[in-house]
Protein chains: 2
Amino acid sequence: MKENSKVRHRVLDTVTRLFYEQGFQATGINQIIEESEVAKASLYEHFPSKEDILRAYLEDATARWRTDFAAFCNDRPPGEKTLLALFDYRKQRAVEGGFKGCTFVRVAYELPNLDEASLDIIRKHKAYIKTMVKQHISLLPVRRSARETEDLAEMIVWLYEGSGVQSSLERSAHPIDAAKKIAQKLLS
Amino acid sequence: MKENSKVRHRVLDTVTRLFYEQGFQATGINQIIEESEVAKASLYEHFPSKEDILRAYLEDATARWRTDFAAFCNDRPPGEKTLLALFDYRKQRAVEGGFKGCTFVRVAYELPNLDEASLDIIRKHKAYIKTMVKQHISLLPVRRSARETEDLAEMIVWLYEGSGVQSSLERSAHPIDAAKKIAQKLLS
DNA sequence: ATAAAAACGAACAGACTTGTCTGTTTTTTG
DNA sequence: CAAAAAACAGACAAGTCTGTTCGTTTTTAT
């Protein structure tokens, strides 16, 4: 049972914190083994290279994003409420994480020559969000063509991305709030 | 005349290429001196540390962005045409640069603990664009309140940012084109 | 032409990097 | 309880990193 081992779990816990706070490159193997209280040989038994840690980190992050967001939307009805919860969720994460930006975009931007496997995890994460947005739009009372739904979903996703970037640069949640209001107006 | 020296110029030329292609941390001092054909002692005469190179790089990049964009808009009338040129300009840069994302956001995301001076250069660059967008909106025939102008400018800026991010993840200019069309619709 | 300034090549320091390997101890499993 | 598997601590390799310092050569300015 290598997949659920304690070593793996502790390493992923640690890098989830460190990669976000410091970035991937600024986080050394030695710091990882020290803070996760794991022997270097054990770490390399589970992750043959640092890139493998990165891939596992991304997979873990996208899985956790989905379950955490689902939990966040627990008591909200599908449709507009859940759709707008996207912005509230991002706001919460931004505040808690110190406004360092989207986990996934951060990796892609830090490593412009990222391997395709890792890049695909990031792409799929963004595609997942867009699909979700489209689904919730189609649940709304307003009748929309497929084309209109697609355009609206794109617009909302870009408001989400763009306000996330600006929130990070300004170290403020305001852009996310403002983008949410705009999205709300667009939906009605 | 240290500001216009050939050493400084060649170093900035080189890092403009290397920082964008590889990122800041992945670019070593030794590669910089080799490709800019400058002695290490000369480089450290002009830039006491690597962080100083980064600051100079950002200042240079924002200055060049402004002049290049002005040249790009050369024959376009102020108002909608120039405003939408923002998207065309971003598209051109994205294609030429291999879809590695916005120069400035890249730095901020790669270095989450960036010094305030550098972060301010980035913030001012984004503020400059937003101010420009507002100015061009106010030139349009449609009458808008200050509040409406502000909201519209924010929306356009986030479409610009968001589509830029997605364009980079997908390595495709399509999101920028699509965002431009949406912006166009919003303006009328 | 001569003096001052700038750029040069190259060695060097010291710390850090990822990854390997060895032998020991702990944990798990039959 | 014994055998197998996993995790351990830590030394080590080989290379990289930023930054300093040397004496020499080239360029610039008076």
Side-chain angles (χ1 to χ4, degrees), chain A residues 1-60 106-107 110-115 117-118, chain B residues 1-60 106-107 110-115 117-118:
Chain A
M1 38 183 76
K2 223 172 175 180
E3 299 301 307
N4 298 27
S5 91
K6 283 186 182 164
V7 168
R8 186 184 171 88
H9 189 256
R10 272 197 303 227
V11 167
L12 285 179
D13 262 17
T14 303
V15 299
T16 294
R17 182 168 45 82
L18 293 181
F19 286 174
Y20 191 75
E21 280 175 8
Q22 311 176 344
F24 172 73
Q25 298 178 94
T27 304
I29 293 284
N30 293 319
Q31 191 183 9
I32 296 173
I33 65 168
E34 196 172 323
E35 301 204 13
S36 54
E37 294 178 284
V38 155
K40 190 177 270 195
S42 308
L43 180 142
Y44 275 102
E45 196 62 36
H46 287 79
F47 306 98
S49 78
K50 202 184 169 190
E51 283 198 1
D52 290 280
I53 305 179
L54 181 63
R55 249 193 309 278
Y57 159 73
L58 288 173
E59 305 241 36
D60 190 57
R106 282 269 307 280
V107 171
E110 179 180 354
L111 305 166
N113 304 306
L114 193 62
D115 61 295
S118 300
Chain B
M1 38 184 76
K2 223 171 179 183
E3 299 302 306
N4 299 28
S5 90
K6 282 185 182 164
V7 168
R8 184 183 173 88
H9 189 256
R10 272 195 304 223
V11 168
L12 285 178
D13 263 16
T14 303
V15 299
T16 294
R17 181 169 46 81
L18 293 181
F19 286 172
Y20 192 75
E21 280 174 7
Q22 311 178 343
F24 172 73
Q25 297 178 97
T27 303
I29 293 285
N30 292 319
Q31 192 184 10
I32 295 173
I33 66 168
E34 195 172 322
E35 301 203 13
S36 54
E37 293 178 287
V38 155
K40 191 178 268 197
S42 309
L43 180 142
Y44 276 101
E45 195 63 36
H46 288 79
F47 305 98
S49 79
K50 203 185 169 192
E51 283 200 1
D52 289 281
I53 304 179
L54 180 63
R55 248 193 309 278
Y57 159 73
L58 288 172
E59 304 241 36
D60 191 57
R106 284 268 308 280
V107 171
E110 178 180 355
L111 306 166
N113 303 306
L114 192 62
D115 63 294
S118 299

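Sequence lines set the chain letters: A, B, ... in the order given, protein chains first and strands last, and positions in each chain run from 1.
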TODO: Give a yes/no on whether any side-chain N or O of B:Arg10 is located under 4.0 angstrom from OP1 or OP2 of C:dC8.
DONE: yes
Open item on the list: For A:Glu34, I'd like to know if atom CD has over 12 heavy atoms of other residues, nucleotides or ligands within 6.0 Å.
Closed with: no
Task: Donor-acceptor pair between A:Glu35 and A:Thr14 side chains, under 3.5 angstrom - done: no
- [ ] Measure from CD1 on B:Ile53 to C1' on D:dC17 and round the result to the nearest Å.
- [x] 13 Å
Task: Over 12 foreign heavy atoms within 6.0 Å of CD, B:Gln22 - done: yes
TODO: Indicate whether OP1 or OP2 belonging to C:dA6 is found under 4.0 Å from a side-chain N or O atom of B:Ser42.
DONE: no
Task: Rounded distance (nearest 0.5 Å) linking atom OG of B:Ser49 with atom CZ of B:Arg55 - done: 6.5 Å
Open item on the list: Under a 3.5 Å cutoff, is there a donor and acceptor pairing between the side chains of A:Asp13 and A:Thr16?
Closed with: no
Open item on the list: Using the rule given for side chain to side chain contact (heavy atoms under 4.5 Å, CB included), can you reason through B:Ile53 versus B:Phe19, listing the C-alpha separation, both sets of side-chain angles and the distance that settles it, and then say yes or no?
Closed with: CA-CA 11 Å; B:Ile53 304 179; B:Phe19 286 172; 4.2 Å; yes
Open item on the list: Rounded to whole Å, please give me the gap between CD in B:Glu45 and P in D:dT25.
Closed with: 20 Å
Task: Set of side chain to side chain contact (heavy atoms under 4.5 Å, CB included) partners for A:Lys40, sequence neighbours left out - done: A:Ile29, A:Asn30, A:Ile33, A:Tyr44
Open item on the list: Using modelled atom types and a 3.5 Å cut-off, is there a donor and acceptor pairing between side-chain atoms of B:Thr27 and backbone atoms of B:Gly23?
Closed with: yes
- [ ] Report the distance from atom NZ of B:Lys6 to atom P of C:dA5, rounded to the nearest whole Å.
- [x] 20 Å
Open item on the list: Angle between the two end axes of the helix from C:dA1-D:dT30 to C:dG30-D:dC1, five base pairs per end, rounded to 10 degrees?
Closed with: 30°
Open item on the list: Regarding B:Glu34, tell me which of base, sugar-phosphate or nothing describes its non-hydrogen contacts under 4.0 Å with the strands shown.
Closed with: nothing
TODO: Using a strict 4.0 Å threshold on nitrogen-to-oxygen distance, state whether A:Glu110 and B:Arg106 make a salt bridge.
DONE: no
Task: nucleotides 18-23 of chain C: protein proximity per nucleotide (B base, S sugar-phosphate only, - neither; heavy atom, under 4.0 Å) - done: BBBB--
- [ ] Give B:Gln31 one of three labels, base, sugar-phosphate or nothing, depending on what nucleic acid heavy atoms sit under 4.0 Å from its own.
- [x] nothing
Task: Atom pair distance, as rounded to whole Å: CD1 in A:Ile33 and P in C:dC16 - done: 14 Å
Task: Separation of C:dC16 P from A:Ile32 CD1 (nearest whole Å) - done: 16 Å
TODO: Check whether any side-chain N or O of B:His46 sits under 4.0 Å from OP1 or OP2 of C:dA6, and answer yes or no.
DONE: no
